[in-house]
Amino acid sequence: MLKIARDRFQGCLVGSVIGDCLGAPFEMQNWNENGIPRQKILSVINPKELADKYIQLKYTDDTAMAKSVCSSLLQCKEFDAVDLAKRFTEEYFKEPDRGYGSNIVFIFEQWKNAMKTELNFKNVLYPSTSQFDGKGSYGNGAAMRVSCIALFTLSLEDCIDLAKKASILTHSNKNGYNGAILQALSVRKAIRATCDIDPIVFVDELIDEMKHVESFSGEVKRNTESLYDWTRSQSFSFTHQLEIIKKLLIANNTESKENDVKLVNSVLGRDISAQQAVPAALYSFLRNLKFGFEETLYYAISLGGDTDTIAAMCGAIAGSYYGLKSIPHSWFDVCEFSREMQQFADDFFELHKS
Ligand code: 8NA
Ligand code: MG
Ligand code: MG
Ligand code: MG
């Protein structure tokens, strides 16, 4: 039996939807290297002020797709590629204006046709593996939806295997699915932490795990040059990015947020690729361990760029560690679908009790 508090299951999925809803108003609004000023963020999402307002902050594609992964795993009690593809497709055509990436929608269209002609998805991976001249998508759209896989699986191997399977359906590029694996592993580690997290140990363990994962999906080149040389390196790997995160954490720039954001944006990035968004989300969590859930989320959003997705992934990791109790009530109340995500978390929790 898995001994993890229900509160942390809830924190994971509620943290994810809250990150999505709170980050969405800032998405792609600020490409300044200094990111988004704290005052600007507080003027929109300060929990004290939101408590008096009768507004609803809408979720985006991140939650729309996470919803399908949760409901598919809970209903099928195992990974079922065709079931998940159908749910993604139905969800998209029900509400196409949730801010989906510009290429993923072609996959939904092909699946819709497959559903109409009842060919029964002979090759459910065909649309994904055909994208970008066969290279597949490396967008962050797989990573943003896989956090619940860390709640569903017990072993490390199953977590990696399922994160990959749930990703390649739409993101067959190795950086697209490996980014999703890193996100699922980060949630897994955060939710299982039994004492204060040492950020360096956390990263070192992820480096070992990702080295193993990436050794199966292309060469992982090691470079002993400086931080900047690494980021210019042609052969991208998440293992490299984790080494950069470790260097940033050791340099420990927690005193000056402005300088830190500038540096992080130049060495990690914060765009719609998994290569940039997943490390940015993980770093946001690890850098702010002293400050708690709320500050962590402000920081993730302050990077700018793909703020809803970075905040959704960071929110899932942070929520898994701090638990639902650490999330301001007014955020829970104003964010669309928080209650439903809490119910999904309860359902995953119950699975492990039986
Ligand atoms: P996706 O799979 O369509 O990828 C997003 C974009 O990344 C593509 O449209 C391409 O421009 C680029 N891309 C991905 N793979 C490759 C490749 N192999 N070669 C060249 N370019 C590539 O969508 P997704 O599901 O990964 O979504 C990624 C992000 O985009 C999400 O954060 C999502 O929220 C969305 N997004 C939407 C808006 C909006 O307002 N509609 C704004 C920002 C981000
Ligand atoms: Mg989105
Ligand atoms: Mg986004
Ligand atoms: Mg997004």
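Start at 1 and go down the list; that is how both ligands and their atoms are numbered.
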| request: Give me the ring orientation class for His352 and Phe9: parallel if the planes are under 30° apart, tilted from 30 to 60°, perpendicular past 60°. | output: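 His352 and Phe9: perpendicular rings.
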| task | Could you label the plane-to-plane angle of the Phe108 and Trp111 rings as parallel, tilted or perpendicular, counting under 30° as parallel and over 60° as perpendicular? | result |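 Geometry flag for Trp111 against Phe108: tilted rings.
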| request: First locate atom CG of Leu73, then atom SG of Cys148, and finally report the distance between them rounded to the nearest 0.5 Å. | output: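 Taking CG in Leu73 and SG in Cys148, the distance rounds to 5.5 Å.
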| task | Please list, chain by chain and in numerical order, all residues satisfying salt bridge (charged side-chain N to carboxylate O under 4.0 Å, His left out) with Arg87, sequence neighbours excluded. | result |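 Testing Arg87 for salt bridge (charged side-chain N to carboxylate O under 4.0 Å, His left out), a comparison that skips the adjacent residues, returns Asp83.
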| Test: Arg270 and Glu33 ion pair at under 4.0 Å |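 Salt bridge flag = no for Glu33 with Arg270.
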| If you measure from the Lys or Arg side-chain nitrogens to the Asp or Glu carboxylate oxygens, is any gap between Arg145 and Glu91 under 4.0 Å? |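 No, Arg145 and Glu91 are not salt-bridged.
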Indicate if [X] and [Y] have the same hydrophobic cluster label, given that clusters are the connected sets of ILVMFWY residues with side-chain heavy-atom separations under 4.5 angstrom.
X: Ile107; Y: Tyr138; value: no
X: Leu324; Y: Leu57; value: yes
X: Phe202; Y: Ile200; value: yes

| request: Check whether any N, O or S atom of Asp20 sits under 2.8 Å from the Mg ion (ligand 2). | output: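 Within the cut-off used here (under 2.8 Å), Asp20 places no N, O or S atom near the Mg ion (ligand 2).
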| Is the distance from the Mg ion (ligand 2) to some N, O or S atom of Thr60 under 2.8 Å? |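 A backbone or side-chain N, O or S atom of Thr60 is under 2.8 Å from the Mg ion (ligand 2).
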Would you check if the Mg ion (ligand 3) lies under 2.8 Å from any N, O or S atom of [X]?
X: Asp62; value: no
X: Asp306; value: yes
X: Thr309; value: yes

Numbered atoms of ligand 1 (with element) below 4.0 Å of [X], judged on heavy atoms:
X: Asp61; answer: 31 (C), 33 (C), 34 (O), 35 (C)
X: His171; answer: 2 (O), 24 (P), 25 (O), 26 (O)
X: Tyr100; answer: 37 (C), 41 (N)
X: Ser137; answer: 1 (P), 2 (O), 4 (O), 14 (C), 15 (N)
X: Asp306; answer: 29 (C), 31 (C), 32 (O)

Looking only at distances, please establish whether an N/O atom of ligand 1 is found under 3.5 Å from an N/O atom of [X].
X: Ile272; value: no
X: Gln131; value: no
X: Ile104; value: yes

| Stepwise side-chain hydrogen bond (donor to acceptor under 3.5 Å, both in side chains) check, Asp308 with Thr60 | CA-CA 8 Å; Asp308 63 334; Thr60 75; 2.9 Å; yes
| request: Assess whether side-chain hydrogen bond (donor to acceptor under 3.5 Å, both in side chains) is satisfied between Asp346 and Gln342, documenting all intermediate values. | output: CA-CA 6 Å; Asp346 284 341; Gln342 182 183 1; 4.7 Å; no
Please compare [options] and report which has the shortest non-hydrogen distance to [atom].
atom: atom 23 (O) of ligand 1; options: Ser128, Ala274, Gly101; result: Gly101
atom: atom 29 (C) of ligand 1; options: Val105, Ile107, Asn140; result: Asn140
atom: atom 40 (O) of ligand 1; options: Arg98, Arg145, Met28, Glu27; result: Glu27

| query | How wide is the angle at the Mg ion (ligand 2) between OD2 in Asp308 and OD1 in Asp61, to the nearest 10°? | reply |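 It rounds to 170°.
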| Tyr138 contact mode with ligand 1 (heavy-atom cut-off under 4.0 Å) | both
| message | Using a 4.0 Å heavy-atom cut-off, which part of Thr309 comes near ligand 1: side chain, backbone, both, or neither? | response | side chain
| task | Check whether any heavy atom of Gly136 sits under 4.0 Å from an atom of ligand 1. | result |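 Per 4.0 Å heavy-atom rule, Gly136 contacts ligand 1.
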| Option among Arg287, Lys290, Arg38 that satisfies the side chain to side chain donor-acceptor pair (under 3.5 Å) test with Glu295 |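 Answer to the side chain to side chain donor-acceptor pair (under 3.5 Å) test with Glu295 among Arg287, Lys290, Arg38: Arg38.
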| field | Sole residue of Leu206, Asp208, Asp204 in side-chain contact (heavy atoms from CB on, under 4.5 Å) with Leu242 | value |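 So, applying the side-chain contact (heavy atoms from CB on, under 4.5 Å) to Leu242 and each of Leu206, Asp208, Asp204, only Leu206 qualifies.
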| Closest to the Mg ion (ligand 3), which N/O/S atom of Glu27 is it? |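 Within Glu27, restricted to N, O or S, the Mg ion (ligand 3) is closest to atom OE2.
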